[in-house]
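Naming convention: chains lettered A, B, ... in sequence-line order (proteins, then strands); numbering from 1 in each chain.
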There are 2 protein chains.
Amino acid sequence: MRIHLKNIVLFQNVDEETIKKIEHFTTEHKVSKENIVFYEGDEPKYLFLLVKGVIKLYKTSSNHKEVVLKYFHDNELIGEVANFEGMPYPATAKAYSDVEVLKIDFEKLKEVIFSNPNLAFNIQTSLIKKIKNLENIISTNLVLDSKERVAKYIYNHADDFFETKNIEIAEILGVSPETLSRILKFFKDHDIINVKKKFIDRDALIQYF
Amino acid sequence: MRIHLKNIVLFQNVDEETIKKIEHFTTEHKVSKENIVFYEGDEPKYLFLLVKGVIKLYKTSSNHKEVVLKYFHDNELIGEVANFEGMPYPATAKAYSDVEVLKIDFEKLKEVIFSNPNLAFNIQTSLIKKIKNLENIISTNLVLDSKERVAKYIYNHADDFFETKNIEIAEILGVSPETLSRILKFFKDHDIINVKKKFIDRDALIQYF
DNA sequence: CTATCGTGTTGATATAAATCAGTAATTGTG
DNA sequence: CACAATTACTGATTTATATCAACACGATAG
């Protein structure tokens, strides 16, 4: 294997021997952009660990509307609920960029987890992080309206906001590109952002959410 | 203490000695209906375990609109993210009925967790359950429209649907009572539900979500 | 027994955001 | 460079749902 598990956050502080064991039932995969990692409804067998790239997790509703649940980034664990609960994946995962993932045989990993407190601790930390993330999605999407969500997004992504395409931001925020464009016009008109000067008035933005 | 921890799901398979230790920093509280368990923004110090009753967790948005994030029921753990992450509670918890809770000193519990694999496992299970729940909220609220949400609710609560007040259902589903009333009218008109006969055509309902 | 309160219903109106449609600007490519 | 493709902008329309308002019904209290 090209990737060493010991360099991965999830396996920090886990002893060499345990890591070697895990490496035996872990495989490395590259998935190129736009390809599917797993489908909604698939039976889980592997836990996925995203090493590099971005994976988009989404559901397709009855009326064929795609709703993005989450974008995964480096070092995130994907599919642990389905695996722990033995239920089919509740959503589809697609490579949003060229991606490197580790596929870990879940049944085998499970045995190792309970004999290794450090690994159990790391998994726990990862779960907590995920809960925090989900709670954040819920409060962002249910409590804030579009303008507030945009304000919050710009505030939190001031560093790469001007480098991200509006259609991507719109998708992440779950608003239409037209609506985003109108909201951005509002912030431009109020001198809160300035695209030419790459200026963001964060103090002013914070008022909007 | 009136309640014995060993009878609580979270402490199943945990040895007597550990339980005794935990009981030393656990206190029992009754909170009557409509009283606050903790406020959004409070610094967490205790982990709450809901023994009996229903707790409503909600956020108040800038425009004073109350958004219900979740109703907690028996045996659910409340506030573990805030505690693990050392961040203020992100929402307010209010007793939705008369309630019995255990307050567990988190810092002390933390020490015990890592020396006790069974407890760590139980906590992990509880976290997974919570993730599943949150993912369900997200897919229900972001993917489904009002009629679909109502259909899903009736389908999943066929046993107590006719005994629950519409204003409560409306709050749980995050729709206005008027909208719920109109949707129910639709299902009545289509002979999918019949209030008098307490009849629910679950097969027909499933088509709507 | 009537008055009041909580709940549910129904119609009219308001509102946020999506969708549709056309055009402009920017980026990529032969 | 010139043309195509993608992305962004803007106005008009539609849609889902909330809000407002009025009223009906049943249960409980005085």
Side-chain angles (χ1 to χ4, degrees), chain A residues 33-34 58-68 96-97 140-154 157 160-190 192-198 208-209, chain B residues 33-34 58-68 96-97 140-154 160-190 192-196 198 208-209:
Chain A
K33 197 174 167 171
E34 297 297 309
Y58 64 94
K59 273 184 103 82
T60 334
S61 66
S62 38
N63 44 35
H64 305 284
K65 228 180 80 180
E66 180 182 299
V67 179
V68 178
Y96 192 69
S97 65
T140 301
N141 282 284
L142 301 185
V143 180
L144 306 182
D145 66 20
S146 294
K147 192 190 276 178
E148 292 166 336
R149 289 217 293 282
V150 172
K152 186 175 174 180
Y153 178 90
I154 301 174
H157 296 80
D160 62 357
F161 170 71
F162 295 113
E163 277 69 51
T164 315
K165 277 186 281 189
N166 286 183
I167 46 168
E168 283 181 27
I169 297 173
E171 192 178 90
I172 293 167
L173 295 176
V175 296
S176 69
E178 294 95 327
T179 298
L180 177 62
S181 175
R182 289 179 181 113
I183 292 168
L184 292 180
K185 182 178 164 56
F186 173 90
F187 288 134
K188 288 171 197 164
D189 289 351
H190 288 71
I192 290 167
I193 61 170
N194 187 314
V195 180
K196 296 241 161 91
K197 296 180 184 164
K198 297 195 185 246
Y208 285 93
F209 66 93
Chain B
K33 196 173 169 173
E34 297 297 311
Y58 64 94
K59 274 183 100 86
T60 332
S61 66
S62 38
N63 44 36
H64 304 284
K65 226 179 81 181
E66 179 182 298
V67 179
V68 178
Y96 192 68
S97 65
T140 299
N141 282 284
L142 302 185
V143 179
L144 306 181
D145 66 20
S146 294
K147 192 191 277 179
E148 293 166 335
R149 288 216 294 281
V150 173
K152 187 175 173 179
Y153 178 89
I154 301 175
D160 63 357
F161 171 69
F162 295 113
E163 278 68 52
T164 315
K165 276 186 279 189
N166 287 182
I167 47 169
E168 283 181 27
I169 297 173
E171 190 179 271
I172 293 167
L173 294 176
V175 297
S176 69
E178 294 94 329
T179 298
L180 176 61
S181 173
R182 289 178 182 113
I183 292 169
L184 292 179
K185 182 179 165 56
F186 173 90
F187 288 135
K188 287 170 198 163
D189 289 350
H190 288 70
I192 290 167
I193 61 170
N194 186 315
V195 181
K196 296 239 162 95
K198 298 197 184 246
Y208 285 93
F209 65 97

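An OP1 or OP2 oxygen of D:dC9 is reached within less than 4.0 angstrom by a side-chain nitrogen or oxygen of A:K188. The side chain of A:T179 places no N or O atom within less than 4.0 Å of a non-bridging phosphate oxygen (OP1 or OP2) of C:dA17.
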Between the protein and nucleotides 25-28 of chain C, list every N/O to N/O distance that falls short of 3.5 Å.
none

Between N or O atoms, less than 3.5 Å apart, protein on one side and nucleotides 11-14 of chain D on the other: list the pairs.
from, atom 1, to, atom 2, distance (Å)
D:dG11, N7, A:R182, NH2, 2.6
D:dG11, O6, A:R182, NH2, 2.8
D:dA12, N6, A:R182, NH2, 3.3

Would you tabulate the pairs of protein nitrogen or oxygen atoms and nucleotide nitrogen or oxygen atoms of nucleotides 5-7 of chain C closer than 3.5 angstrom?
from, atom 1, to, atom 2, distance (Å)
C:dT7, OP1, B:K165, NZ, 2.6

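Within the 4.0 angstrom heavy-atom criterion, only backbone atoms of the sugar-phosphate kind lie near B:S146; the bases stay farther away.
You'll find the side chain of A:L144 reaches within 4.5 Å of the side chain of A:K152, heavy atoms only. Contact check for B:K196 versus B:K188: no side-chain heavy atoms found under the 4.5 Å cut-off.
Distance alone, capped at 3.5 Å, places no donor-acceptor pair between the B:E168 side chain and the B:K165 backbone. Judged by distance alone, with hydrogens and angles left aside, the side-chain atoms of A:T179 form no donor-acceptor pair with the main-chain N or O of A:V175 at under 3.5 Å.
Put simply, NZ on B:K147 is 14 Å from P on D:dT15, counting in whole angstrom units.
The side-chain tip of B:K147 does not point at the ring of B:Y208 from less than 6.0 angstrom away and within 45° of straight on.
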